[in-house]
Structure formats: C-alpha cells, structure tokens
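Positions are given from 1 along the sequence. Below, each value reflects all heavy atoms present in this structure, side chains not excepted, and no hydrogens, waters or symmetry copies. The shown structure was predicted, so the numbers you read here are calculated from the model rather than taken from an experiment.
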Amino acid sequence: MSRKPPCLAGVLFAALLSGPHTAHAGTIDDLHRFLSGTRTLRADFAQTVVARNGRNVQTASGVMMIARPGKFRWQIEQPYSQLLVGDGEKVWMHDPELRQVTVRKVGAALGGSPAALLAGDNTIEKNFNLREEDKLGETRSREASDGIAWLEARPKTAESGFEKIRLGFAAHELKMMELHDSLGQTTKLSFSRIERNPRLPPTLFRFVPPADADLVGE
C-alpha cells in the first residue's frame with residue numbers, strides 16, 4: 001500500500017524541526033495589523049500540494065486554531081486525519097493511521113517557520129525579509145483580479161526549509177497562504193470562516209499521546 005503524500009501537518013512539522021518598500025497601500029501594514037490585533041484565530045482551510053512539475057499531488061482540508069504567542073493546532077480532517085499541536089514548549093504530530101506520535105522541542109527553529117508568521121510574536125522582520133508583490137510585476141498583476149494583494153516573506157535562515165512564503169490579503173484580512181519549499185514543491189492554503197479572537201479553551205493546545213501510539217522523539 002502506498003504511503004499518503006505529504007500533508008500540511010507534515011510540511012509545517014518539517015519546517016519546525018529544521019525552526020521595505022510599501023507601494024501597494026500596505027500588505028506589509030496589513031500583516032502587522034493582522035498580527036497585532038489577533039490574540040486567537042480559528043479558520044477552516046483547504047490545501048493543495050503542487051509538485052515542481054505543476055501536478056497536484058494532494059488535497060486536504062481541516063481546521064486551524066492559534067493562540068498567540070506560540071500555540072497552535074492544525075487538524076486535517078479530509079481525506080484522512082492528522083493533527084499537529086504546538087503547546088508553546090513542544091510540537092506534537094499525531095498520525096492515527098500509523099499509530100505514531102512524533103514530538104520535538106519547539107526551540108529556536110520556530111522563528112524561521114511558517115508558524116512564526118501566525119502564532120509567533122510581532123517581530124516579523126527579525127526572521128523574514130518582506131516585500132510586496134507589486135514589486136514583482138507579472139505575478140502580482142495576474143492575480144489582482146481575484147482581489148488578493150500578495151506579500152512575500154523570505155526566511156533569513158536556510159534551516160527553515162522554505163525558499164519563500166506568500167500571504168494573500170483581501171480587505172485587510174488574511175485569505176491565502178503559499179509555502180514554497182526548497183525542493184520545488186508548493187503548498188497552497190485558502191482560509192474561510194475566519195474568526196479573529198474567539199474564545200478557545202486552553203485544552204485545545206495540549207496533547208496527550210494515545211496509549212496505543214508509538215512515541216518518537218524527545
């Protein structure tokens with residue numbers, strides 16, 4: 001039986017373990033406002049993983065929740081279940097199909113990972129070089145009709161595992177995200193039913209490994 005293709009949880013987990021000029025009225029400003037005004041976040045997501053050759057290799061959907069700073073929960077629900085939980089000290093990935101839980105300390109690597117943009121603190125430029133995509137010409141103009149203004153974030157550390165991250169804003173709200181990894185693979189995320197600052201129980205950001213799961217890591 002073939003193994004499932006990489007999923008969002010796996011992509012983010014790999015990043016965690018490895019860690020301007022403003023011309024368009026502000027996607028950089030949108031990002032700063034979004035982060036400074038967001039303590040908690042809940043949203044549904046749809047994900048597509050695209051290989052270097054342009055072929056879609058996987059689609060998935062689920063729910064993400066964030067409690068800033070440093071806590072997050074990414075739950076893939078379709079087409080299979082997988083869970084990634086960051087409790088502020090450790091990152092847990094549970095694959096029920098494999099009956100396996102992998103755990104690592106968060107460490108400094110979180111600063112250069114995609115999770116840092118959403119669950120981290122507000123010092124974004126410490127870990128990323130930011131620029132708005134109206135400076136990139138063709139890409140920006142091709143997508144302008146969708147009402148999405150794009151921001152590009154390039155990690156300052158090679159250990160992040162990503163070449164760049166793109167964030168798409170509409171009406172000052174984060175709507176899309178793209179993760180371009182060092183192997184030429186792109187993970188595209190679109191967010192819906194976004195709730196900013198909902199009340200999220202602390203138990204959502206804690207994880208206790210199931211008794212029947214193998215525990216791997218620290």
Side-chain angles (χ1 to χ4, degrees), residues 7-9 11-12 15 20-50 54 56 58-69 71-78 84 112-125 127-155 160 162-181 185-200:
C7 66
L8 171 63
V11 170
L12 290 175
H21 176 82
T22 304
H24 180 277
T27 49
I28 291 177
D29 289 341
D30 283 344
L31 175 60
H32 284 296
R33 280 194 296 264
F34 179 83
L35 294 175
S36 63
T38 302
R39 299 181 305 279
T40 61
L41 180 71
R42 184 197 181 282
D44 293 347
F45 68 83
Q47 172 208 335
T48 302
V49 178
V50 182
N56 290 354
Q58 186 248 343
T59 60
S61 61
V63 178
M64 73 163 187
M65 285 170 277
I66 288 169
R68 304 181 63 242
K71 297 181 180 180
F72 52 90
R73 182 183 182 94
W74 299 80
Q75 174 70 64
I76 290 181
E77 298 174 342
Q78 298 291 336
L84 182 74
S113 75
L117 283 171
L118 300 180
D121 60 27
N122 294 332
T123 57
I124 298 302
E125 282 89 351
N127 300 306
F128 295 89
N129 292 312
L130 306 179
R131 64 174 174 174
E132 296 172 348
E133 285 202 356
D134 57 353
K135 306 304 293 182
L136 305 182
E138 180 182 351
T139 301
R140 174 66 185 87
S141 62
R142 185 175 65 246
E143 294 170 323
S145 60
D146 296 331
I148 302 292
W150 288 93
L151 170 68
E152 180 185 279
R154 289 186 177 268
S160 71
F162 288 86
E163 290 187 354
K164 66 178 179 180
I165 302 166
R166 299 176 70 223
L167 298 101
F169 288 85
H172 307 297
E173 293 289 345
L174 180 66
K175 298 294 186 181
M176 303 183 73
M177 194 171 180
E178 291 185 0
L179 316 176
H180 297 253
D181 69 23
Q185 181 172 269
T186 302
T187 300
K188 299 182 178 183
L189 297 163
S190 61
F191 303 114
S192 60
R193 298 178 58 179
I194 299 170
E195 300 176 52
R196 291 180 66 182
N197 300 319
R199 181 169 298 189
L200 298 176

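- What you find for Met177 and Phe191 is that their closest heavy atoms are CB-CE1, 3.9 Å.
- For Ser190, the side chain to side chain donor-acceptor pair (under 3.5 Å) test picks out no residue, with sequence neighbours left out.
- Residues Ile66 and Phe72 approach most closely at CG1-CB, 4.0 Å, considering heavy atoms.
- Residues Glu132 and Thr27 bring a donor and an acceptor atom of their side chains to less than 3.5 Å of each other.
- When atom types are taken as modelled, the side chain of Asn197 and the backbone of Gly37 share a donor-acceptor pair closer than 3.5 angstrom.
- Closest approach of Phe169 to Leu31, counting heavy atoms only: CZ-CA, 3.7 Å.
- Here the straight-line distance linking atom CD of Glu163 with atom CD of Gln185 works out to 12.0 Å at 0.5 Å rounding.
- Note that NZ of Lys71 is 11.5 Å distant from CG of Leu200, once rounded to the nearest 0.5 Å.
- Applying the side chain to side chain donor-acceptor pair (under 3.5 Å) rule to Arg196 yields the partners Thr38, Glu173; only residues at least two apart in sequence or on another chain are considered.
- Side-chain N or O atoms of Asn56 include none that pairs as donor or acceptor with a backbone N or O of Val50 at under 3.5 Å.
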Test side-chain contact (heavy atoms from CB on, under 4.5 Å) applied to Gln47 and Gln58, step by step: CA-CA 8 Å; Gln47 172 208 335; Gln58 186 248 343; 2.8 Å; yes
Audit row: Arg42, Thr40, side-chain contact (heavy atoms from CB on, under 4.5 Å) steps and yes/no: CA-CA 7 Å; Arg42 184 197 181 282; Thr40 61; over 6 Å; no
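- With sequence neighbours left out, the salt bridge (charged side-chain N to carboxylate O under 4.0 Å, His left out) criterion links Arg193 to Asp44.
- Nearest heavy atom pair, residue Ala43 against residue Ile194, reads CB-CG1, 3.9 Å.
- Note that the CZ atom of Arg166 and the CD atom of Glu133 stand 4.0 Å from one another [nearest 0.5 Å].
- Note that NZ of Lys164 and CD of Glu152 are 5.0 Å apart. Values are rounded to the nearest 0.5 Å.
- Listed here is the closest heavy atom pair of Ala153 and Pro155: O-CD, 3.8 Å.
- Contact annotation: the side chain of Trp150 approaches that of Glu178 to within less than 4.5 Å [non-hydrogen atoms, C-beta and beyond].
- Applying the side chain to side chain contact (heavy atoms under 4.5 Å, CB included) criterion to Gln78, with sequence neighbours excluded, gives Ser61.
- Partners of Thr59 by side chain to side chain contact (heavy atoms under 4.5 Å, CB included), not counting sequence neighbours, listed by chain and number: Thr48.
- Looking at Arg68, its side chain does come within 3.5 Å of a backbone N or O of Leu35 through a donor-acceptor pair.
- The only member of Leu189, Ile148, Leu167 that meets side chain to side chain contact (heavy atoms under 4.5 Å, CB included) when paired with Lys175 is Ile148.
- Residue Ala170 comes nearest to Gly147 through the heavy atom pair CB-O, 3.4 Å, listed as atom of the first residue, atom of the second, then distance.
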